[in-house]
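Here is the naming used below: chain letters follow the sequence lines, and residue numbers restart at 1 for every chain.
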Amino acid sequence: MIRVKNVRKVYPNGFVALDGVDLHISRNEFVYLVGQSGAGKSTLLNMLYKAETPTSGDIYIDNISLSGLAPKQVPYLRRSIGVIFQDYKLLPRRTVYENVAFALRVMHFSRSRIRRQVTQVLELVGLQQKMHNYPSELSGGEQQRICIARAIVNNPPVLLADEPTGSLDPDTSWEIMQLLSKINARQTTVIVATHNKAIVDDIRKRVVAVENGRIIRDEQLGLYNP
Amino acid sequence: MIRVKNVRKVYPNGFVALDGVDLHISRNEFVYLVGQSGAGKSTLLNMLYKAETPTSGDIYIDNISLSGLAPKQVPYLRRSIGVIFQDYKLLPRRTVYENVAFALRVMHFSRSRIRRQVTQVLELVGLQQKMHNYPSELSGGEQQRICIARAIVNNPPVLLADEPTGSLDPDTSWEIMQLLSKINARQTTVIVATHNKAIVDDIRKRVVAVENGRIIRDEQLGLYNP
Amino acid sequence: MIRDFLFFTSEALISIRRSGIMMIISIATITVSLIVFGIFLLISANISNLTNYFSSKLEIRVYLKDSTKQDEIDALKLRFEAMPAVRKVEFIEKAAAWAEFKKNYPKIELNTLVSDNPLPNAFRIVLSDSAKITSIATHLKGFEAVEDVGDMGAIADRITAFSRYTRIAGIILVSLLTFATLLIIVNTIRLTVIARQDEITIMQLVGATISFIRWPFIIEGLLIGILGGVFAIIFLVFGYSFFVMRFQENIPFFPLVYDHLTLNLIYLGILLVGTSLGVFGAYLSVSRTVKNNY
Amino acid sequence: MIRDFLFFTSEALISIRRSGIMMIISIATITVSLIVFGIFLLISANISNLTNYFSSKLEIRVYLKDSTKQDEIDALKLRFEAMPAVRKVEFIEKAAAWAEFKKNYPKIELNTLVSDNPLPNAFRIVLSDSAKITSIATHLKGFEAVEDVGDMGAIADRITAFSRYTRIAGIILVSLLTFATLLIIVNTIRLTVIARQDEITIMQLVGATISFIRWPFIIEGLLIGILGGVFAIIFLVFGYSFFVMRFQENIPFFPLVYDHLTLNLIYLGILLVGTSLGVFGAYLSVSRTVKNNY
Ligand SMILES: Nc1ncnc2c1ncn2[C@@H]1O[C@H](COP(=O)(O)OP(=O)(O)OP(=O)(O)O)[C@@H](O)[C@H]1O
Ligand SMILES: Nc1ncnc2c1ncn2[C@@H]1O[C@H](COP(=O)(O)OP(=O)(O)OP(=O)(O)O)[C@@H](O)[C@H]1O
Ligand SMILES: [Mg+2]
Ligand SMILES: [Mg+2]
């Protein structure tokens with residue numbers, strides 16, 4: 001399903017963030033992406049929904065080359081990929097409800113369907129009662145959960161989670177990871193970049209380790225540390 | 001040194017974030033603030049440097065009442081308190097170097113002293129080589145470390161760390177926490193709001209647990225969970 | 001279609017409401033620059049009105065030979081009236097002319113010195129286009145019955161030159177002003193869009209198409225353009241009618257523009273400029289911001 | 001002090017450089033609004049120049065009794081010249097006046113009808129203040145040797161009224177324009193500050209005092225005000241001298257303002273308005289943003 005082929009990413013300032021990355025992820029897999037701070041995890045994830053483009057090499061999703069994708073097609077690619085951003089990226093002038101609903105609105109869902117799905121997903125992340133608050137009125141962990149809610153609200157076939165539990169306490173983290181597992185079980189490919197050793201070691205899945213822009217380990221049912 | 005007296009915080013939208021909070025922290029103590037997402041940890045920390053003001057009750061730092069503090073005095077209070085913000089709060093149009101130097105510039109340090117201290121602290125958090133990058137060119141964990149560097153660069157007598165390892169891998173987290181311990185040993189009062197169970201349980205210190213805006217536990221050498 | 005339009009409009013309204021002070025500032029700026037634009041239009045309308053007024057006072061005097069008979073005079077009058085660019089032909093009897101002359105020059109003791117009326121019969125010809133005055137005068141000289149033609153030559157040329165150059169200057173100034181208004185309005189909207197650049201990027205990252213992002217901004221631009229235009233028009237309508245009132249009261253002879261057609265055209269122009277620049281500015285600004293993220 | 005100033009200036013320069021497009025837009029807006037302001041100033045200077053020019057053409061004719069002798073005439077001339085508000089006194093010999101009259105009215109067959117010069121000796125008196133024309137004329141009538149006084153009464157009153165009202169209108173317009181320019185410049189700077197509100201908050205949270213934050217913004221406002229002013233002046237200097245050149249070439253009789261003193265005053269005014277509004281706008285905007293965080 002997702003194929004990363006010999007990808008190299010050099011940022012405009014000359015920094016080589018990824019080099020010679022090859023990765024193949026099948027439909028419905030659950031993959032942990034681990035590695036030190038600055039290893040290149042976010043860079044890799046960002047290229048999967050074309051927020052960044054590889055300097056060389058290419059990425060294929062469902063055999064479609066991302067480098068060949070017309071700008072007009074990009075929004076549709078992004079709708080099929082739910083992203084939990086490391087820095088949340090919530091719209092500051094929209095309420096929690098509107099932020100989550102936005103992902104459905106762009107797809108022209110009906111108002112009633114939007115209401116149903118949004119309330120449902122806000123319940124899942126435990127934030128129904130903050131529905132009408134603005135992001136600035138939320139705690140760090142609450143913002144992160146809104147971002148999670150927005151990423152999963154339209155049941156995308158692919159879910160990219162960049163450090164989804166960084167601001168969450170262990171109990172909530174555990175619940176969120178269970179949620180992601182459940183989503184994965186419902187036919188969704190899930191890739192989670194994380195530093196949460198406890199969770200990687202507990203909920204055992206495929207582990208891909210990145211170091212200095214290269215994949216140095218790729219293990220089924222791996223541990224956080226080799 | 002820090003005295004929180006019967007503090008209640010009601011946000012403008014009517015939400016009661018803290019209620020009846022009493023806390024006393026002595027000079028050179030090291031305190032963990034733990035609690036679920038949305039418990040009120042950040043709210044409490046924010047009131048210590050007057051980013052928020054209590055709705056009732058008062059806070060004293062070195063026996064000075066914060067509610068009685070004139071607006072003109074606030075910057076000086078803030079210079080004596082290093083803050084690692086949960087959301088980093090880096091200046092987007094300043095380089096890493098300038099961001100860290102800013103905390104010294106406001107204090108009118110000499111140029112050479114600023115250079116010495118900034119390079120030193122960037123080395124401590126392992127980011128000398130990113131000195132001339134802008135925050136947007138950094139990974140999440142790197143941004144967090146810049147924020148840490150800025151908070152400690154002027155050796156403030158008080159250090160407030162709000163989730164300082166949320167975006168860091170376990171090894172880097174460990175190093176950062178060791179750094180905070182070392183700083184604490186050098187006559188600095190340190191308060192760390194954190195979800196990092198592994199660290200709280202490993203580096204044992206006083207633990208204050210918050211739940212629904214109230215302090216429910218206050219233990220010397222406590223564990224993350226009671 | 002209509003559902004989409006309603007949806008985008010409601011998005012635009014939400015955005016205007018939530019952007020608070022920024023919107024107030026940009027509407028204020030647009031209002032002010034449209035007011036300035038409108039003042040310029042009113043001034044230039046008045047200047048062109050003034051030069052037209054002066055031109056319309058220009059005339060040609062055609063002095064007739066004393067031998068010309070009444071039926072010849074009547075025939076000439078009809079022929080002159082039929083000429084293009086002639087607006088009015090008036091016959092001035094020599095007796096009337098002499099009476100007028102004596103009234104104008106009371107200091108000249110004519111009665112004691114002049115025995116008879118020295119003035120000839122004449123036509124006063126008013127043109128609709130003062131620029132043609134010299135050529136028509138020359139043409140008139142060719143008639144049998146015409147003794148001489150007086151054409152206010154120098155003054156006519158001056159007024160014609162003046163009106164031609166003020167018209168050119170007016171066109172240049174109005175273009176400049178239009179461009180300035182354009183720049184100010186577009187820049188203002190641009191600044192409000194730049195301030196929301198991050199939001200636009202976020203919208204793109206969660207799957208919004210260009211048009212989904214653009215439409216609310218365009219409708220927002222339209223709405224603040226309309227609001228700015230309406231406020232400017234309200235100000236100008238009251239300000240100008242107050243000004244006309246005071247002016248007419250004190251210098252009633254001065255020809256001010258106050259016919260409704262011209263004024264309404266100016267006001268309509270202001271509204272159109274406001275709305276179209278609002279839309280154009282929003283379109284431009286959003287497009288620039290949006291492009292980089294696909 | 002000087003070190004602080006240098007520091008804040010370098011901060012302001014960094015900020016201008018790094019804010020890129022936002023700064024370009026705001027400098028462009030300020031330039032444009034100052035150009036409009038300057039055009040208005042130039043127009044109003046020219047209109048007041050024009051009315052002054054017309055006023056200066058107004059004159060009083062004092063017709064003398066035929067019995068007045070040369071030494072009386074000389075004495076009168078000196079007395080008239082000594083009167084306040086009188087700028088020039090010119091004696092017109094009756095022979096010269098008659099020759100002039102005959103040249104002006106060639107159609108009147110005077111030579112055949114008039115036996116002798118019917119005109120009296122006269123003085124042409126030019127005033128420095130056309131508003132006083134009627135009162136001075138009345139006063140002159142009282143002199144022994146004066147037969148009659150002709151004072152262009154109606155026209156003078158009209159020109160006086162017109163110049164008074166255009167002056168008032170000019171003052172109102174320039175005030176309005178100043179206010180409009182103020183609003184546009186301050187609003188533009190306000191928008192750039194609002195866009196950096198978050199940065200200001202961060203600076204406050206890490207211990208910056210109000211003045212530490214404010215000064216770089218104020219210097220930034222000063223710099224973009226100066227830049228806007230300089231660009232506007234460059235445009236106006238070239239634009240206006242080009243305009244004057246073309247105008248003079250085609251309608252040389254028209255009295256345009258081109259003395260360096262007036263023009264330099266206008267340009268200086270523009271620069272002052274630009275810089276002071278830049279500073280004021282920055283001060284205001286930052287103060288509003290800064291207050292909430294202590
Ligand atoms: N826009 C950019 N320009 C230049 N360098 C960049 C840019 N974005 C990221 N980098 C650099 O690329 C490297 C990889 O960044 P990336 O964000 O992928 O790391 P990461 O693995 O996600 O780290 P973390 O766990 O801290 O989030 C980092 O060293 C970072 O400084
Ligand atoms: N500005 C605000 N307006 C209204 N409510 C707020 C505001 N800021 C925080 N809150 C609410 O107050 C509660 C406590 O927030 P706080 O940020 O202190 O939590 P926290 O303990 O730091 O949580 P986390 O671990 O997720 O960061 C939350 O429920 C949050 O929604
Ligand atoms: Mg990352
Ligand atoms: Mg918090």
Decide if atom CZ of D:Arg18 counts as having more than 12 heavy atoms of other residues, nucleotides or ligands within a radius under 6.0 Å.
-> yes
Considering only heavy atoms, which portion of D:Phe37 lies under 4.5 Å from any heavy atom of chain C: side chain, backbone, both, or neither?
-> neither
Of the backbone (N, CA, C, O) and the side chain (C-beta and beyond), which part of D:Ile194 lies under 4.5 Å from a heavy atom of chain C, both, or neither?
-> side chain
Qualifying salt bridge (Lys or Arg N to Asp or Glu O under 4.0 Å) pairs, either residue in residues 19-41 of chain C, two or more places apart = none
Passing option when C:Glu220 is tested against C:Ser19, C:Ser26, C:Ser15 for side chain to side chain donor-acceptor pair (under 3.5 Å) = C:Ser15
Could you tell me which portion of C:Ile168 (side chain, backbone, both or neither) has an atom closer than 4.5 angstrom to a non-hydrogen atom of chain D?
-> neither
With respect to chain D, which residue among C:Val186, C:Thr192, C:Ile39 yields the maximal number of heavy-atom pairs within a distance under 4.5 Å?
-> C:Ile39
Are D:Tyr258 and D:Tyr240 near enough that their ring centres are under 6.0 Å apart?
-> no
Tell me, side chain or backbone of D:Ile172 under 4.5 Å from chain C's heavy atoms, or both, or neither?
-> neither
Identify the two heavy atoms, one from D:Ile189 and one from D:Gly281, that lie closest to each other, and give their separation to 0.1 Å.
-> CG2-C, 3.9 Å
Under 4.5 Å from a heavy atom of chain C, the part of D:Leu173 involved | side chain
Chain C heavy atoms under 4.5 Å from D:Leu176: which part of the residue, side chain, backbone, both or neither?
-> side chain
The ring pair (Phe, Tyr, Trp, His ring centres under 6.0 Å) partners of C:Phe247 (sequence neighbours excluded) come to C:Phe243, C:Phe254
